[in-house]
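First comes the structure, then the notes that go with it.
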Amino acid sequence: MAPGSKDTRHTLAASDLQAAQEAQDAACGSRLTIDTGAIAANWQTLRERVGSAVVCAATVKSDAYGCGLAPTVRALASAGCSTFFVALPQEGATVRREVPGATIYVLNGLLPGAAAHYAEAMLRPVLGSLAEVEEWAVFCSSRKVALEAALHVDTGMNRLGVTVEEARRIAADPAMLATFRLSLVMSHLACGATPKDPFNREQLARFKSLDGLFPGVPRSMANSAGVFLGADYHLDLVRPGIALYGGEILESDPLRLRPAVKLEARILQVRHVPAGAGVGYGRAQVTNRPTRLAILSTGYGDGYHRRAGSSDIRPGAKAWLSGHAVPLFGRISMDLIAVDVTDVPQDLARRGAYVQLYGPDMDMTQVASAAETIDYELLTGLGRRSLRVYGPLSGTAVQGDW
Ligand SMILES: *Cc1c(COP(=O)(O)O)cnc(C)c1O
């Protein structure tokens, strides 16, 4: 791509842009709208919630939960966010390009033999085992520069992190610690999404038992759910992910975070089927009344979960058509989904109209739960094939015959 070409869009007249989008719309069966403004607004809401004494970082791993890493971090940086958590050094390098001054932590730690890559992009590994601590210390010694890193302490999740005992041993080795600069000590909650679970307090207590061992080093415990557990969990830095993208945090959302993603698919055709007709593969669902079905141009090949389909035994997810919740009917195919529009006025359910599969009117969390998964997985599987549009979710859809 030519230098500066990503800015070409800004020089196009609005009418050219609209024409270009309509042409693309006509060629795509589904459209994914991502509102990075909502992501930035959600970050600001969380930042206000934790107060100015606490750093509010942003977790942008897995392509910013499927929303697009580069546009997401640009929006977050404009809103004032300067600390980012990614999973991999490769993601970190993208954040570095977009936000040259950012502080970037790599949650999967120090990948073996990759220290030079971290140094080059000024990425801070979240050191998660003694082997990683040693490798970073040796690398920094050989370069004769004390590069920043975080230390991950496991307080009961048994995934990544040194044990509390190992953390004590590290703290007792000032010569080794002096080879790099410890800029954060963190841990991760296993049950944050269940506020009543006593394990949250237990993990916090274990983490706090290290207080004083690493003087002056900021501490972090809270992901999105941890932010909602209360100020005890905020410590010096919070690192929300899912809440930024409008995923569900708690059943009662006290902050009114905004949805940031909308998936819509076009109606290819509307068909009338009699009672007693099987629909789709396996005839998994049979009509029990004369039924009007809208056939949508999207399917599991676009990242919509097949498990959210419907059968005679188990209802599936719902979609949204101009003010009406419409149930999925039968199994989901690779490229097609059927929805029951019998109860929707005929002028709304027509060829070319858009149906919202999730977004402001159809809660992503409910769709995820119909598919027996979580919104995190819906998000990270977003749109391999949909037309991707960045802008407000309320934008008017191009509708009508095509
Ligand atoms: C993914 C992740 C986060 C962000 O979690 P959310 O639940 O999306 O807010 C924070 N910390 C760690 C260690 C993570 O792996």
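Just so you know, these numbers come straight off a predicted model, no measurement behind them. For ligands, and for the atoms within them, numbers begin at 1 and follow the listed sequence.
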Rounding to 0.5 Å, atoms CZ (Arg169) and OG1 (Thr163) come to a distance of 6.5 Å
For residues 118-142, the side-chain hydrogen bond (donor to acceptor under 3.5 Å, both in side chains) pairs (sequence neighbours left out) are Tyr105-Arg124, Arg124-Ser183
Taken to the nearest 0.5 Å, the spacing of Arg97 CZ from Leu69 CG works out to 9.0 Å
Within the heavy-atom cut-off of under 4.0 Å, ligand 1 is lined by Thr59, Lys61, Tyr65, Leu107, Arg159, Met186, His188, Asn223, Ser224, Arg239, Pro240, Gly241, Ile242, Tyr376
CG of Asp340 to CG of Leu321, rounded to nearest 0.5 Å, is 11.5 Å
Nearest heavy-atom approach of Thr342 to Pro290 is CG2-O, 3.8 Å
Quick one, Arg271 with Ile295, criterion side chain to side chain contact (heavy atoms under 4.5 Å, CB included). Give me CA distance, side-chain angles, the key distance, then yes/no.
CA-CA 8 Å; Arg271 49 196 307 136; Ile295 310 300; 4.0 Å; yes
